[in-house]
Amino acid sequence: MASSSSTSGSGSGSALTERRGIPGAQFVEDVQTYLTQSSLDVGSALAFLQERLQQYKVVEMKLLAQQRDLQAKIPDIEKCLDVVATLQAKKGTGEELLTDFEVSEGIYSRARIEETDSVCLWLGANVMLEYSLEEATGLLQKNLDNARASLEVLIADLQFLRDQVTITQVTIARVYNWDVHQRRIQQAAAPTAQE
(Lines give C-alpha, C1' and ligand atoms only; values in the text may rest on other atoms or scores of the structure.)
Protein backbone atom coordinates (compact mmCIF):
# COMPACT_ATOMS: atom_id res chain seq x y z
CA MET A 1 0.00 0.00 0.00
CA ALA A 2 2.84 2.35 -0.60
CA SER A 3 1.93 5.71 -2.01
CA SER A 4 2.64 5.99 -5.70
CA SER A 5 4.90 8.77 -6.78
CA SER A 6 2.53 9.83 -9.55
CA THR A 7 -0.05 11.10 -7.08
CA SER A 8 2.23 12.81 -4.59
CA GLY A 9 2.21 16.24 -6.13
CA SER A 10 -1.36 16.96 -7.18
CA GLY A 11 -3.36 20.11 -6.56
CA SER A 12 -4.27 19.69 -2.95
CA GLY A 13 -3.90 21.82 0.11
CA SER A 14 -2.74 18.99 2.37
CA ALA A 15 0.44 16.95 2.21
CA LEU A 16 0.47 13.18 2.13
CA THR A 17 1.44 11.65 5.45
CA GLU A 18 1.93 8.13 6.68
CA ARG A 19 1.29 6.47 10.02
CA ARG A 20 2.88 3.10 10.78
CA GLY A 21 2.81 1.99 7.15
CA ILE A 22 -0.68 3.32 6.41
CA PRO A 23 -0.35 5.78 3.53
CA GLY A 24 -2.10 9.10 3.88
CA ALA A 25 -4.94 9.99 1.56
CA GLN A 26 -4.81 13.15 -0.47
CA PHE A 27 -7.68 15.62 -0.43
CA VAL A 28 -8.21 16.90 -3.96
CA GLU A 29 -9.37 20.50 -4.12
CA ASP A 30 -8.99 20.92 -7.90
CA VAL A 31 -9.85 17.77 -9.82
CA GLN A 32 -8.56 19.08 -13.16
CA THR A 33 -5.14 19.85 -11.65
CA TYR A 34 -5.10 16.47 -9.88
CA LEU A 35 -5.83 14.59 -13.11
CA THR A 36 -3.30 16.63 -15.08
CA GLN A 37 -0.48 16.30 -12.56
CA SER A 38 -1.07 12.60 -11.97
CA SER A 39 -1.40 11.92 -15.73
CA LEU A 40 -4.60 9.97 -15.17
CA ASP A 41 -7.94 9.99 -16.91
CA VAL A 42 -11.12 9.95 -14.83
CA GLY A 43 -11.58 6.19 -15.09
CA SER A 44 -8.01 5.45 -14.02
CA ALA A 45 -8.19 7.95 -11.17
CA LEU A 46 -11.44 6.44 -9.91
CA ALA A 47 -10.00 2.91 -10.19
CA PHE A 48 -6.89 3.96 -8.26
CA LEU A 49 -8.96 5.62 -5.55
CA GLN A 50 -11.33 2.63 -5.28
CA GLU A 51 -8.34 0.30 -4.95
CA ARG A 52 -6.85 2.49 -2.23
CA LEU A 53 -10.21 2.51 -0.44
CA GLN A 54 -10.30 -1.30 -0.52
CA GLN A 55 -6.74 -1.42 0.87
CA TYR A 56 -7.81 0.84 3.72
CA LYS A 57 -10.76 -1.44 4.44
CA VAL A 58 -8.48 -4.51 4.62
CA VAL A 59 -6.12 -2.73 7.00
CA GLU A 60 -9.10 -1.59 9.10
CA MET A 61 -10.33 -5.19 9.43
CA LYS A 62 -6.88 -6.30 10.64
CA LEU A 63 -6.62 -3.46 13.13
CA LEU A 64 -10.12 -4.14 14.46
CA ALA A 65 -9.20 -7.81 14.99
CA GLN A 66 -6.07 -6.76 16.88
CA GLN A 67 -8.13 -4.34 18.95
CA ARG A 68 -10.63 -7.08 19.88
CA ASP A 69 -7.77 -9.40 20.88
CA LEU A 70 -6.19 -6.74 23.09
CA GLN A 71 -9.52 -5.81 24.65
CA ALA A 72 -10.01 -9.47 25.57
CA LYS A 73 -6.44 -9.87 26.80
CA ILE A 74 -6.43 -6.90 29.21
CA PRO A 75 -9.16 -8.25 31.53
CA ASP A 76 -7.39 -11.63 31.64
CA ILE A 77 -4.13 -10.00 32.72
CA GLU A 78 -5.99 -7.94 35.33
CA LYS A 79 -7.60 -11.14 36.69
CA CYS A 80 -4.19 -12.77 36.95
CA LEU A 81 -2.83 -9.73 38.79
CA ASP A 82 -5.76 -9.91 41.22
CA VAL A 83 -5.10 -13.60 41.89
CA VAL A 84 -1.40 -12.98 42.55
CA ALA A 85 -2.29 -10.05 44.83
CA THR A 86 -4.71 -12.30 46.74
CA LEU A 87 -2.01 -14.94 47.14
CA GLN A 88 0.40 -12.29 48.42
CA ALA A 89 -2.22 -11.03 50.89
CA LYS A 90 -2.82 -14.56 52.22
CA LYS A 91 0.92 -15.20 52.51
CA GLY A 92 1.99 -15.47 56.14
CA THR A 93 -1.55 -15.79 57.51
CA GLY A 94 -1.50 -19.58 57.49
CA GLU A 95 -5.01 -19.85 56.09
CA GLU A 96 -5.85 -21.76 52.94
CA LEU A 97 -7.43 -20.09 49.95
CA LEU A 98 -10.52 -21.82 48.58
CA THR A 99 -11.23 -20.89 44.98
CA ASP A 100 -12.92 -22.02 41.80
CA PHE A 101 -10.84 -22.03 38.64
CA GLU A 102 -11.72 -22.59 35.01
CA VAL A 103 -10.49 -25.92 33.68
CA SER A 104 -12.03 -25.48 30.26
CA GLU A 105 -14.59 -23.12 28.84
CA GLY A 106 -17.58 -23.35 31.13
CA ILE A 107 -16.05 -26.08 33.31
CA TYR A 108 -14.83 -25.10 36.76
CA SER A 109 -13.14 -26.97 39.58
CA ARG A 110 -12.72 -26.07 43.22
CA ALA A 111 -9.19 -25.86 44.59
CA ARG A 112 -7.70 -25.41 48.02
CA ILE A 113 -4.47 -23.41 47.78
CA GLU A 114 -2.09 -23.59 50.66
CA GLU A 115 0.38 -20.83 51.39
CA THR A 116 2.76 -20.49 48.45
CA ASP A 117 5.70 -18.35 47.40
CA SER A 118 5.36 -18.97 43.67
CA VAL A 119 2.87 -19.24 40.84
CA CYS A 120 2.99 -20.77 37.38
CA LEU A 121 2.14 -18.45 34.51
CA TRP A 122 1.02 -19.69 31.13
CA LEU A 123 3.14 -17.84 28.58
CA GLY A 124 1.56 -19.41 25.51
CA ALA A 125 2.95 -21.76 22.86
CA ASN A 126 2.69 -24.62 25.39
CA VAL A 127 5.08 -22.86 27.77
CA MET A 128 4.42 -22.42 31.46
CA LEU A 129 6.99 -21.00 33.90
CA GLU A 130 7.10 -20.78 37.66
CA TYR A 131 7.68 -17.31 39.09
CA SER A 132 7.91 -15.96 42.60
CA LEU A 133 4.88 -13.87 43.55
CA GLU A 134 6.91 -10.65 43.20
CA GLU A 135 8.32 -11.63 39.81
CA ALA A 136 4.86 -12.66 38.62
CA THR A 137 3.40 -9.33 39.72
CA GLY A 138 6.17 -7.46 37.89
CA LEU A 139 5.77 -9.49 34.71
CA LEU A 140 2.00 -9.24 34.69
CA GLN A 141 2.10 -5.49 35.36
CA LYS A 142 4.59 -5.04 32.50
CA ASN A 143 2.35 -7.09 30.19
CA LEU A 144 -0.68 -5.06 31.25
CA ASP A 145 1.12 -1.76 30.61
CA ASN A 146 2.30 -3.00 27.20
CA ALA A 147 -1.20 -4.18 26.26
CA ARG A 148 -2.74 -0.85 27.25
CA ALA A 149 -0.07 1.08 25.33
CA SER A 150 -0.62 -1.13 22.27
CA LEU A 151 -4.36 -0.55 22.52
CA GLU A 152 -3.84 3.23 22.60
CA VAL A 153 -1.64 3.04 19.49
CA LEU A 154 -4.21 0.84 17.74
CA ILE A 155 -7.01 3.27 18.55
CA ALA A 156 -4.93 6.15 17.15
CA ASP A 157 -4.16 4.07 14.03
CA LEU A 158 -7.85 3.31 13.56
CA GLN A 159 -8.75 7.00 13.86
CA PHE A 160 -6.07 7.91 11.32
CA LEU A 161 -7.34 5.16 9.03
CA ARG A 162 -10.96 6.33 9.32
CA ASP A 163 -9.84 9.83 8.39
CA GLN A 164 -8.07 8.45 5.32
CA VAL A 165 -11.17 6.46 4.33
CA THR A 166 -13.31 9.60 4.62
CA ILE A 167 -10.85 11.67 2.59
CA THR A 168 -10.68 8.98 -0.10
CA GLN A 169 -14.47 8.68 -0.28
CA VAL A 170 -14.82 12.45 -0.61
CA THR A 171 -12.14 12.49 -3.32
CA ILE A 172 -13.92 9.71 -5.23
CA ALA A 173 -17.17 11.71 -5.07
CA ARG A 174 -15.42 14.90 -6.19
CA VAL A 175 -13.75 13.19 -9.17
CA TYR A 176 -17.00 11.48 -10.17
CA ASN A 177 -19.05 14.68 -9.84
CA TRP A 178 -16.43 16.64 -11.78
CA ASP A 179 -16.64 14.05 -14.58
CA VAL A 180 -20.46 14.25 -14.65
CA HIS A 181 -20.25 18.06 -14.76
CA GLN A 182 -17.74 17.95 -17.64
CA ARG A 183 -19.94 15.54 -19.62
CA ARG A 184 -22.96 17.80 -19.17
CA ILE A 185 -20.95 20.78 -20.39
CA GLN A 186 -19.86 18.76 -23.44
CA GLN A 187 -23.44 17.62 -24.12
CA ALA A 188 -24.71 21.18 -23.85
CA ALA A 189 -22.00 22.37 -26.22
CA ALA A 190 -22.61 19.59 -28.76
CA PRO A 191 -26.14 20.70 -29.89
CA THR A 192 -24.90 24.30 -30.13
CA ALA A 193 -22.03 23.24 -32.36
CA GLN A 194 -24.36 21.29 -34.66
CA GLU A 195 -26.52 24.30 -35.37
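Keep in mind that this is a model prediction, so the values were computed, not measured. Start at 1 with the first residue, then count along the sequence.
- With sequence neighbours left out, the side chain to side chain donor-acceptor pair (under 3.5 Å) criterion links Asp100 to Arg110.
- Residues Leu63 and Gln66 form a side-chain contact, since some pair of their non-hydrogen atoms from C-beta on lies under 4.5 Å apart.
- Rounding to the nearest 0.5 Å gives a distance of 9.5 Å between OH of Tyr56 and CG of Leu49.
- Tyr131 and Val127 fall within a single hydrophobic cluster, where Ile, Leu, Val, Met, Phe, Trp and Tyr are joined by side-chain heavy atoms under 4.5 Å apart, directly or via other members.
- For the side-chain contact (heavy atoms from CB on, under 4.5 Å) test, residues two or more places apart in sequence or in another chain that qualify with Val180 are Tyr176, Arg184.
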Residue pair Arg112, Leu97: steps toward the side chain to side chain contact (heavy atoms under 4.5 Å, CB included) verdict:
CA-CA 6 Å; Arg112 189 169 298 141; Leu97 178 64; over 6 Å; no
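- Across every non-hydrogen atom of Tyr34 and Val28, the tightest pair is CB-CG1, 3.5 Å.
- Across all their heavy atoms, Glu130 and Ser118 have their closest contact at OE2-OG, 2.5 Å.
- At least one donor-acceptor pair under 3.5 Å links the side chain of Glu135 to the backbone N or O of Ser132.
- To the nearest 0.5 angstrom, Thr168 atom OG1 is 8.5 Å from Phe48 atom CZ.
- In the hydrophobic clustering, where aliphatic and aromatic side chains (Ile, Leu, Val, Met, Phe, Trp, Tyr) are joined below 4.5 Å either directly or transitively, Ile107 groups with Phe101, Val103.
- Between Arg52 and Gln164, the closest side-chain pair of non-hydrogen atoms is not below 4.5 Å.
- As a member of the Ile/Leu/Val/Met/Phe/Trp/Tyr network built from side-chain separations under 4.5 Å, Tyr108 groups with nothing else and remains a singleton.
- Neither Leu70 nor Val153 shares a network with the other; the hydrophobic side chains, linked directly or stepwise wherever heavy atoms of I, L, V, M, F, W or Y lie under 4.5 Å apart, form separate groups for each.
- Looking at Asn177, its side chain does come within 3.5 Å of a backbone N or O of Ala173 through a donor-acceptor pair.
- Note that CD1 of Ile74 and CZ of Arg148 are 6.5 Å apart. Values are rounded to the nearest 0.5 Å.
- Proximity of Glu115 to Glu95: side-chain heavy atoms (C-beta onward) are nowhere separated by under 4.5 Å.
- Taken from CG in Leu53 to CD1 in Ile167, the straight-line distance is 12.0 Å, to the nearest 0.5 Å.
- Under the salt bridge (charged side-chain N to carboxylate O under 4.0 Å, His left out) rule, Asp157 has a single partner from Arg162, Arg19, Lys62, which is Arg19.
- Lys79 pairs by the side-chain contact (heavy atoms from CB on, under 4.5 Å) definition with Asp76, not counting sequence neighbours.
- For the pair Lys91/Asp117, a side-chain contact is recorded, criterion being any heavy-atom separation below 4.5 Å from C-beta on.
- Using a 4.5 Å heavy-atom cutoff, the side chains of Lys73 and Asp69 are not in contact.
- Proximity of Glu96 to Ile113: side-chain heavy atoms (C-beta onward) are nowhere separated by under 4.5 Å.
- Of all the heavy atoms in Gln32 and Trp178, the pair that sits closest is OE1-CZ2, 2.8 Å.
- The side-chain heavy atoms of Asp163 and Gln159, taken from C-beta on, include a pair separated by under 4.5 Å.
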Evaluate Asp41 against Ser44 for side-chain hydrogen bond (donor to acceptor under 3.5 Å, both in side chains), listing each step before the verdict.
CA-CA 5 Å; Asp41 63 359; Ser44 299; 2.6 Å; yes
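- Lys90 NZ to Glu114 CD: the interatomic distance, rounded to the nearest 0.5 Å, is 14.0 Å.
- Remark: of the listed residues Leu161, Leu154, Val59, Leu158, Leu158 is the sole one forming a side chain to side chain contact (heavy atoms under 4.5 Å, CB included) with Leu64.
- The two residues Leu133 and Thr116 make their nearest non-hydrogen contact at CD1-O, 3.5 Å.
- For Gln54, the side-chain contact (heavy atoms from CB on, under 4.5 Å) criterion is met by no residue, not counting sequence neighbours.
- Applying the side chain to side chain contact (heavy atoms under 4.5 Å, CB included) test between Leu139 and each of Ile77, Leu123, Leu129, Leu81 identifies Leu123 as the sole match.
- When all heavy atoms of Asp30 and Arg174 are compared, the closest pair comes out as N-NH2, 4.5 Å.
- When the shell of 6.0 Å around CE of Met128 is examined, it contains more than 12 heavy atoms from other residues, nucleotides or ligands.
- Between Gly106 and Glu102, the closest heavy-atom pair is N-OE2, 3.3 Å.
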